Amino acid sequence: MCLPIRASGVDDDDGFFKVMAAERSFIAIKPDGVQRGLVGEILGRFERKGFKLVGLKQLTPTRELAEQHYGVHKERPFFAGLVDFITSGPVVAMVWEGDGVITSARKMIGATKPLEAEPGTIRGDLAINIGRNVIHGSDAPETAAFEIGLWFQPSELSDWTPSDQGWRVEG
Ligand code: UDP
Ligand code: MG
């Protein structure tokens with residue numbers, strides 16, 4: 001099993017080089033979010049939270065990409081409409097990194113049905129309809145690994161350390 005982690009190292013007290021795992025999630029602003037001018041608002045929420053942006057691009061997905069991305073839903077009645085929608089215009093594809101980012105991003109995104117999403121979440125604040133819920137976020141480590149690999153080449157992801165890292169994470 002391939003998990004969405006990046007190995008990085010720290011010199012521990014005992015002098016050994018300890019391998020740390022950095023969790024990553026695939027987040028995408030769907031065509032409705034781009035069309036409605038919500039890119040800065042949504043991206044800013046992840047930035048302000050303190051997660052690290054390691055991949056970012058805008059593209060109009062091919063049907064093949066969309067069908068693979070939503071492959072788990074291919075037998076569902078909404079699948080064809082969902083693929084039509086997600087391929088209808090530009091999507092902003094992102095990879096965010098940080099401890100707990102997969103679960104935290106899902107909380108920040110809110111429930112799939114925007115009218116059931118809590119105020120304060122992205123869908124709760126910015127959407128009203130399940131078919132126009134503005135954002136996608138990976139739901140588990142395995143799907144994050146699959147989705148990051150589907151949307152990004154390894155060379156499109158940046159390994160970097162924010163200059164204020166010590167103000168984000170203790171130690
Ligand atoms: N969707 C839809 N109609 C439905 C259920 C889902 O249009 O009845 C779309 C919606 O855009 C949702 C996506 O399919 O975000 C994927 O569904 P999932 O249940 O995985 O929700 P998510 O993980 O995005 O919250
Ligand atoms: Mg899902």
Side-chain angles (χ1 to χ4, degrees), residues 1-6 22-153 156-157:
M1 182 173 59
C2 178
L3 296 177
I5 56 172
R6 175 182 62 82
E23 185 177 318
R24 291 178 169 180
S25 186
F26 175 73
I27 306 291
I29 304 173
K30 298 178 181 180
D32 51 340
V34 177
Q35 296 288 346
R36 293 175 54 204
L38 297 174
V39 173
E41 161 73 32
I42 293 171
L43 199 150
R45 291 185 180 213
F46 290 92
E47 245 183 353
R48 291 196 298 277
K49 174 74 171 167
F51 290 128
K52 180 169 73 174
L53 183 62
V54 298
L56 173 68
K57 63 182 175 184
Q58 178 170 290
L59 71 160
T60 301
T62 61
R63 286 196 83 80
E64 187 188 7
L65 174 58
E67 285 171 0
Q68 284 186 269
H69 175 78
Y70 281 125
V72 68
H73 296 306
K74 66 175 179 294
E75 309 300 340
R76 308 282 289 277
F78 59 83
F79 181 70
L82 177 59
V83 171
D84 286 345
F85 163 59
I86 215 77
T87 58
S88 66
V91 166
V92 171
M94 301 175 276
V95 178
W96 288 89
E97 182 181 297
D99 286 343
V101 66
I102 296 170
T103 299
S104 178
R106 292 284 294 191
K107 287 184 185 164
M108 291 168 68
I109 288 168
T112 305
K113 294 179 179 173
L115 294 181
E116 293 177 5
E118 294 294 325
T121 65
I122 293 166
R123 288 169 173 164
D125 289 348
L126 304 175
I128 52 177
N129 182 261
I130 192 170
R132 300 289 184 268
N133 62 8
V134 303
I135 183 166
H136 167 85
S138 305
D139 63 6
E142 294 77 12
T143 46
F146 169 72
E147 291 165 3
I148 291 168
L150 183 64
W151 289 78
F152 284 91
Q153 299 292 327
E156 293 177 307
L157 302 177

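Please read these numbers as outputs of a predicted model, since none were measured by experiment. As the structure lists them, so they are numbered: ligands from 1, and atoms in each ligand from 1.
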Within a strict 4.5 Å, meaning less than it, do heavy atoms of the [X] and [Y] side chains meet?
{"X": "I122", "Y": "E41", "result": "no"}
{"X": "H136", "Y": "H69", "result": "yes"}
{"X": "I42", "Y": "V92", "result": "no"}

Practice task
Write out all pairs satisfying ring pair (Phe, Tyr, Trp, His ring centres under 6.0 Å) with one or both partners inside residues 79-99, taking only residues at least two apart or from two chains.
Solution key: F46-W96
Problem - Within the 4.0 Å heavy-atom sphere of ligand 1, strictly under, residues - result: K30, Y70, H73, F78, L82, R106, T112, R123, I130, G131, N133
Practice task
For Q58, check side chain to side chain donor-acceptor pair (under 3.5 Å) against everything at least two apart and list the hits.
Solution key: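 Side chain to side chain donor-acceptor pair (under 3.5 Å) check on Q58 returns nothing, list empty.
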Problem - Listed partners of E118 passing salt bridge (Lys or Arg N to Asp or Glu O under 4.0 Å), at least two apart - result: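 Partners of E118 under the salt bridge (Lys or Arg N to Asp or Glu O under 4.0 Å) test: none.
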